[in-house]
Amino acid sequence: MDVTPLTQNSLLSRIKTPADVQRLSLQELSQLAVEIRQLIIQTVSHTGGHLAPSLGVVELTLALLKSFDLESDKLVWDVGHQAYAYKILTGRADRFNTLRTQGGLSGFPKRSESPYDAFGVGHSSTSISAALGLAYGRDLKKEHNRVIAVIGDGSMTAGLAYEGLNQAGGLHGDLTVILNDNEMSISKNVGALSSFLSRNLTKKWVVQFKKDVESILKAVPKIGGDLATYARKSEEAFKHFFTPGMLFEAFRFNYLGPFDGHNIEQLTKVFEQVKTLSGPVLVHVLTKKGKGYTPAENNPTYFHGVGCFEPETGLAKKFGPCGAPSYTSVFGKTLVKEAKADERIVAITAAMPEGTGLDQFASAYPERFVDVGICEQHAVTFAAGLAAEGFRPVVAIYSTFMQRSYDQIVHDVCLQNLPVTLCLDRGGLVGEDGPTHHGAFDLSFMRHIPNLLFMAPADEAELQRMLVTALKHEGPVALRYPRGAGVGVELHDAPEPLPLGLGELVRDGEDGVIVAIGSRVHPARLAAEKLEKEIGKKVAVFNARFIRPIAEQQLVELAGRFSKMLVVEENVLKGGFGAGVLEVLADNDALEHCRVHRLGLPDGFVEHGKQKELRAKLGLDMNGICAKMQEFLDAE
């Protein structure tokens, strides 16, 4: 494979702006598609990223840039998983090798990165609403540029997309929506709407049948031509009833398609037609995820979001011997074990069975596994309904996506005190996906909700015990754990529940205390060991375990024993766990003889980069905690 498409003679080296794409012939565009795929594959093999979605829309991207003027027209990508070709063609090819690295290009469209990124994204199903806002603003300013939203069929499972469609049809302003239908989002699409979107009348046997019927009708003497015309009109009516055309026409969209999303010539003709139409238009295109790279075509789920791999084979790169299992894996296996003994347990996720570790549960207990699609709000309220019927639903969703279901957590689960377990995977810094995906706020936005039991494990064995605790608790529970491998401790064969609201002193001391929560407990203990070894200071470490109910009496006792307390969390400091500790100590008049410092995420959005790099930069690794505590101890 040629992996250096940015050579002096390559077409790609000549593309500095979208206008350069418009000057290319169809033959040159086809060659450019090859070069773009080579660059994407080679780059993502080193940086990791969303490979299959971006490979699937290379021709679509070229056709859009060939047809629309991006100096005035605005293009909004949904989620942004498929925007790599767009980044390359909008002046970022020479920096594409920095994709998802600290200080490099974001893995998602980002307004501050390029004037061609009309709207920043990272979460699903926002494109139509955002594009409609851009179009409405354009009309208020009496301008005439085109606004285009590109949304995948997976994103069309979310209610937000239909709210946008409904409003767009009502306003009847000029808006173009491209439905990129690859019959697959992150995992296989589910639900009636997905099935409806995937129907089409372009199957090979259908096409041949239509040709045969038309030939027979035309052969009828005198009236053959009229019969064939009538049949074509009947087919259009039939097609409207059995394809997405009916759905989108109901939203007052002019529906066009479906079209081959890899045929640049056809797509450019369609887009030229679209530019002559007024009002909302939806263009339905069919694409193949991973197009042009056999490993990704054969396994699009794995290559949706992939780590480093060998581009020649698609096999994952080996980085030495395997270490501890991931928190996600431990969660999944433990839940399967618990479900064997308790038939009330039902597992729920929002289009992420593999990402949340529930694929194991789905295989073991398919009748008790539900993937609701990209519908986090629905997932939580659906779980509340199940709990009201006596079941023990477990809802596993990434922390950043759980933000979407906040009202449902408060109103449908906690207000009714229902035994729903909310598992917040990827709590804290997630790494290369950056600010749209960091689980930076959950400790703040959930710790104040009444009736909620909220825990964060220090290691993978404690995760097991917390899951068991949650499943036995008669009320709502939130369980927050990080992305990546565990600490490497021995796992429990039969984990026992934890005493509610009590932390654990994992290391005693006399010169000060570090109070840590979740993933920061282990580096805090290493930091304390380093302080004793290097400067002879003996610092205690307290694993708080519970965000709610907070270990009030134990914290008050620690404040009475130690004059200096450092609270460490991987969450924003504003309203976070450290703020909760200060509240407890203030309410108990325990701050008079104990000074408290807090260490956590800053008041801002943390950029992308490797987890290890980000923690080091923010002072949240062992060395950072050690340095902060030493500075605290040295201060008067």
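Bear in mind that the values here come from a model prediction, so they are computed numbers and not experimental data. Note that the numbering runs from 1 along the sequence shown for the chain.
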Report task. Describe, in one word, how the ring planes of His50 and Phe108 are oriented to each other, choosing from parallel (under 30°), tilted (30 to 60°) and perpendicular (over 60°). Result -> tilted
Query - Test item: Val283 and Phe259 side chains (from C-beta on) under 4.5 Å apart, heavy atoms - result: yes
Query raised in the report: Counting distance only, does the side-chain N/O of Gln82 pair as donor-acceptor with the main-chain N or O of Thr61 below 3.5 Å?
Result: no
Query raised in the report: Under 6.0 Å between ring centres, would you say that holds for Phe309 and Phe303?
Result: yes
Query - Stepwise salt bridge (Lys or Arg N to Asp or Glu O under 4.0 Å) test for Glu297 and Lys291 - result: CA-CA 6 Å; Glu297 289 186 18; Lys291 176 73 172 177; 5.2 Å; no
Query raised in the report: In terms of side-chain geometry, is the basic nitrogen of Asp20 or Arg23 positioned less than 4.0 Å from the acidic oxygen of its partner?
Result: yes
Requested in this report: Looking only at non-hydrogen atoms, find the nearest pair between Ala161 and Met156 and report the distance.
Outcome: CB-SD, 3.9 Å
Requested in this report: First locate atom NZ of Lys275, then atom CG of Asp69, and finally report the distance between them rounded to the nearest 0.5 Å.
Outcome: 8.5 Å
Query raised in the report: What are the two closest heavy atoms between Thr268 and Leu26, and how far apart are they?
Result: OG1-CD2, 4.5 Å
**Report entry** Closest approach of Ala52 to Pro300 (non-hydrogen atoms, all atoms of both residues)
**Finding:** CB-O, 3.9 Å
Query raised in the report: Where is the tightest heavy-atom contact between Ala396 and Leu358, given as atom of each residue plus distance?
Result: CB-CD1, 3.7 Å
**Report entry** Residues Val281, Val177; criterion side-chain contact (heavy atoms from CB on, under 4.5 Å); working and verdict
**Finding:** CA-CA 6 Å; Val281 180; Val177 175; over 6 Å; no
Query raised in the report: Between Phe382 and His378, what is the ring plane arrangement, given parallel below 30°, perpendicular above 60°, and tilted in between?
Result: tilted
Query raised in the report: For the residue pair His123 and Phe401, does the interplanar ring angle fall in the parallel (under 30°), tilted (30 to 60°) or perpendicular (over 60°) class?
Result: perpendicular
Query - Donor-acceptor pair between Arg426 and Thr328 side chains, under 3.5 angstrom - result: yes
Query raised in the report: Roughly how far, to the nearest 0.5 Å, is CZ of Phe369 from CG of Asp359?
Result: 8.0 Å
Query raised in the report: Does the side chain of Glu376 reach to within under 4.5 Å of the side chain of Gln408, using non-hydrogen atoms?
Result: no
Query - side-chain contact (heavy atoms from CB on, under 4.5 Å) assessment of Thr176 paired with Leu282 - result: CA-CA 6 Å; Thr176 301; Leu282 187 135; over 6 Å; no
Query - Nearest atoms (heavy-atom pairs only) where Leu175 meets Ala168 - result: CD2-CB, 3.9 Å
Query raised in the report: Would you call the rings of Tyr162 and Phe251 parallel, tilted or perpendicular if under 30° counts as parallel and over 60° as perpendicular?
Result: tilted
Query - NZ/NE/NH1/NH2 to OD/OE distance under 4.0 Å, Lys110 and Glu607 - result: yes
Query raised in the report: Do Thr400 and Gln403 come close enough that some side-chain heavy atom pair is under 4.5 Å?
Result: yes
Report task. Any chance you could measure Leu132, atom CG, to Arg138, atom CZ, to the nearest 0.5 Å? Result -> 9.5 Å
Query raised in the report: Are Glu272 and Lys269 ion-paired here, with the side-chain N under 4.0 Å from a carboxylate O?
Result: no
Query raised in the report: Side-chain contact, heavy-atom cut-off 4.5 Å: Leu267 with Val285?
Result: yes
Query raised in the report: Is there side-chain contact between Ile348 and Val372, with at least one heavy-atom pair below 4.5 Å?
Result: yes
Query raised in the report: So with a 6.0 Å cut-off around CD of Glu143, is the heavy-atom count from everything else above 12?
Result: yes
Query - Mutual orientation of the aromatic rings belonging to Phe605 and Phe441 [parallel < 30°, tilted 30-60°, perpendicular > 60°] - result: perpendicular
Query raised in the report: Quick one: does Leu286's side chain get under 4.5 Å of Asn182's, heavy atoms only?
Result: no
Requested in this report: Check whether any side-chain heavy atom of Phe96 lies under 4.5 Å from a side-chain heavy atom of Tyr84, and answer yes or no.
Outcome: yes
Query raised in the report: Are the side chain of Tyr293 and the backbone of Pro311 linked by a donor-acceptor contact shorter than 3.5 Å?
Result: yes
Query - NZ (Lys74) with more than 12 external heavy atoms under 6.0 Å - result: no
Report task. Please check if the side chain of Lys16 supplies one atom and the backbone of Gly91 the other of a donor-acceptor pair under 3.5 Å. Result -> no
Query raised in the report: Is the side chain of Ser45 donor-acceptor paired with the backbone N or O of Cys308 at a distance under 3.5 Å, no angle test?
Result: no
Query - Smallest separation among heavy atoms of Ser399 and Gly427, with atom names - result: CB-CA, 4.1 Å
Report task. Check the pair Asp78 / Ser155 against side chain to side chain donor-acceptor pair (under 3.5 Å), numbers first and verdict last. Result -> CA-CA 8 Å; Asp78 204 277; Ser155 293; 2.9 Å; yes
Requested in this report: Please identify each residue that fulfils ring-ring contact (aromatic ring centres under 6.0 Å, His included) with His262, with sequence neighbours left out.
Outcome: none
Query raised in the report: In terms of side-chain geometry, is the basic nitrogen of Asp433 or Arg100 positioned less than 4.0 Å from the acidic oxygen of its partner?
Result: yes
Query raised in the report: Between Tyr116 and Glu71, do the side chains contain an N or O donor and an N or O acceptor separated by less than 3.5 Å?
Result: yes
Query raised in the report: Looking at the rings of Phe248 and His284, which for Trp means the six-membered one, are their centres under 6.0 Å apart?
Result: no
Query raised in the report: Tell me the salt bridge (charged side-chain N to carboxylate O under 4.0 Å, His left out) pairs involving residues 116-127, sequence neighbours left out?
Result: Arg92-Asp117
Query raised in the report: Judged by atom type as modelled, is there a donor-acceptor pair below 3.5 Å linking the side chain of Ser25 to the main-chain atoms of Glu28?
Result: yes
Query raised in the report: For the atom pair NE2 (His438) and CZ (Arg483), what is the distance rounded to the nearest 0.5 Å?
Result: 10.5 Å
Report task. Apply the test side-chain contact (heavy atoms from CB on, under 4.5 Å) to residues Leu11 and Leu29: give CA-CA distance (whole Å), side-chain angles for both, the deciding distance (0.1 Å), then the verdict. Result -> CA-CA 9 Å; Leu11 279 171; Leu29 289 174; over 6 Å; no
Query raised in the report: Going from CD on Gln38 to CD on Glu35, what distance comes out if it is rounded to the nearest 0.5 angstrom?
Result: 6.5 Å
Report task. Would you tell me whether Asp174 and Ser278 have side-chain atoms, one donor and one acceptor, within less than 3.5 Å of each other? Result -> no
Query raised in the report: What is the distance from atom CG of Asn180 to atom CD1 of Ile151, rounded to the nearest 0.5 Å?
Result: 10.0 Å
Report task. Examine the side chains of Thr356 and Asp425 and answer whether a donor and an acceptor come within less than 3.5 Å of each other. Result -> no
Report task. For the pair Glu59 and Arg37, find out whether any cationic side-chain nitrogen is under 4.0 Å from an anionic carboxylate oxygen. Result -> yes
Query raised in the report: Mind checking whether Val274 and Leu256 have side chains closer than 4.5 Å, heavy atoms only?
Result: yes
**Report entry** Asp139 (side chain) donor-acceptor with Lys142 (main chain) under 3.5 angstrom
**Finding:** no
**Report entry** side-chain contact (heavy atoms from CB on, under 4.5 Å) assessment of Lys87 paired with Arg95
**Finding:** CA-CA 10 Å; Lys87 283 178 178 279; Arg95 293 185 291 143; over 6 Å; no
